[in-house]
Trainee: 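Quick one: the structure is below, and I'll ask about it shortly.
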Number of protein chains: 2
Amino acid sequence: MAAVDLELDGLEILSPAECWALLGEAKVGRVGVSLGALPAIFPVNYATAEDAVVFCTGPGIKLRAATANAVVAFEVDGFDEDAGTGWSVLVVGTCSETDDTTFLSDEARGRLRPWAGGGRDHVVRLSSEFVSGRRIVASAGRE
Amino acid sequence: MAAVDLELDGLEILSPAECWALLGEAKVGRVGVSLGALPAIFPVNYATAEDAVVFCTGPGIKLRAATANAVVAFEVDGFDEDAGTGWSVLVVGTCSETDDTTFLSDEARGRLRPWAGGGRDHVVRLSSEFVSGRRIVASAGRE
């Protein structure tokens, strides 16, 4: 696994607890799915609950991935472009559509309202099977 | 294609020219690749040149995708979390590693310096085969 070690050079690995704390603070994440043989990435506003990422969508690519119980990637990040620092968290897991939203807090329900409006009333639950996070070590690229 | 129409409800479709203008302004994008059968998304700082997205990486997942000439997704976005508005641009294309960086401007070279440092000296060129962009129609979700 030397390649992975090298890829992480200059990056601090975040603990799962740190990852979930960051997931709880951000409002927009990106869902990575396959559309046929082609990859695609779409931003969504989302909420977290019970080690899952939850978002709403309309009848389209993201919902098809969800109803197929596809494995998808979900990423959130934050960067300071001037300082050249930042962090990212990646969640990989299985999606499913759910009608039961009783596991969501009122605050989470508020976060789920789709910014784009327009009939995005399907609730998709991404069950986290893998979470990882990285933070750029301050000044790592400034030597 | 009714599903696609619905998915775009509440979203303005951006022209390729608008997409490239936004790609030229942002500094951080996200690369979507497959790691074995699992999807993953990694942020990178990048530059654009000649209808291509260029980024640097170390010997790892992103470089393996590049050297395999894999089709990858690349996404940039910008959001106003308080207003609930934003935009995103998706580029899909084939990656390849390149030793020739003469097609890059000095400004682009400056953007390519990896923030995380650490031996990320492989230049990957993502040749755009498909670009699309969407912008949330102001107040679309606020009815």
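Residue numbers begin at 1 in each chain, while the letters A, B, ... track the order of the sequences.
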Trainee: Which pair of heavy atoms, one from Val31(A) and one from Ile41(B), lies closest together, and at what distance?
Mentor: C-CD1, 4.2 Å
Trainee: With chain B as the partner, which of Asn45(A), Val33(A), Val28(A), Val91(A) has the greatest number of non-hydrogen pairs under 4.5 Å?
Mentor: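 Going by pairs under 4.5 Å, I would pick Val28(A).
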Trainee: Spell out, yes or no, whether Val131(A) and Leu126(A) are grouped together once hydrophobic residues are joined by side-chain heavy atoms under 4.5 Å, including indirect joins.
Mentor: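 Shared cluster, yes.
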Trainee: From Arg30(B) CZ over to Asp77(A) CG, what is the distance, rounded to the nearest 0.5 angstrom?
Mentor: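 So the gap between those two atoms works out to 4.0 Å.
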Trainee: Between Phe55(A) and Val123(A), is there a shared hydrophobic cluster once you connect ILVMFWY residues whose side-chain heavy atoms come closer than 4.5 Å?
Mentor: no
Trainee: In terms of hydrophobic clusters joined by side-chain contacts under 4.5 Å, are Trp115(B) and Val54(B) together?
Mentor: no
Trainee: For chain B, which candidate among Ser132(A), Gly86(A), Ala40(A) shows the most heavy-atom pairs at distances under 4.5 Å?
Mentor: Ala40(A)
Trainee: Which region of Leu90(B), side chain (C-beta onward) or backbone (N, CA, C, O), has a non-hydrogen atom less than 4.5 Å from a non-hydrogen atom of chain A, or is it both or neither?
Mentor: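 For Leu90(B), the side chain is the part near chain A, not the backbone.
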Trainee: With a 4.5 angstrom heavy-atom cut-off, could you sort out which part of Val76(A) is near chain B: side chain, backbone, both or neither?
Mentor: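 Nothing of Val76(A), per the 4.5 Å heavy-atom cut-off to chain B.
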Trainee: Under a 4.5 Å side-chain heavy-atom rule over Ile, Leu, Val, Met, Phe, Trp and Tyr, are Trp87(B) and Leu23(B) clustered together?
Mentor: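 Yes, because Trp87(B) and Leu23(B) connect within a single hydrophobic cluster, where side-chain heavy atoms sit under 4.5 Å apart.
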Trainee: Side chain, backbone, both or neither: which part of Val89(B) has a heavy atom under 4.5 Å from chain A?
Mentor: neither
Trainee: Heavy-atom cut-off 4.5 Å, strictly under: side chain, backbone, both or neither for Val72(B) against chain A?
Mentor: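 It is the backbone, since no side chain atom gets that close.
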Trainee: When you group the ILVMFWY residues by side-chain heavy-atom contacts below 4.5 Å and let the links chain together, are Leu104(B) and Trp20(B) in the same group?
Mentor: no
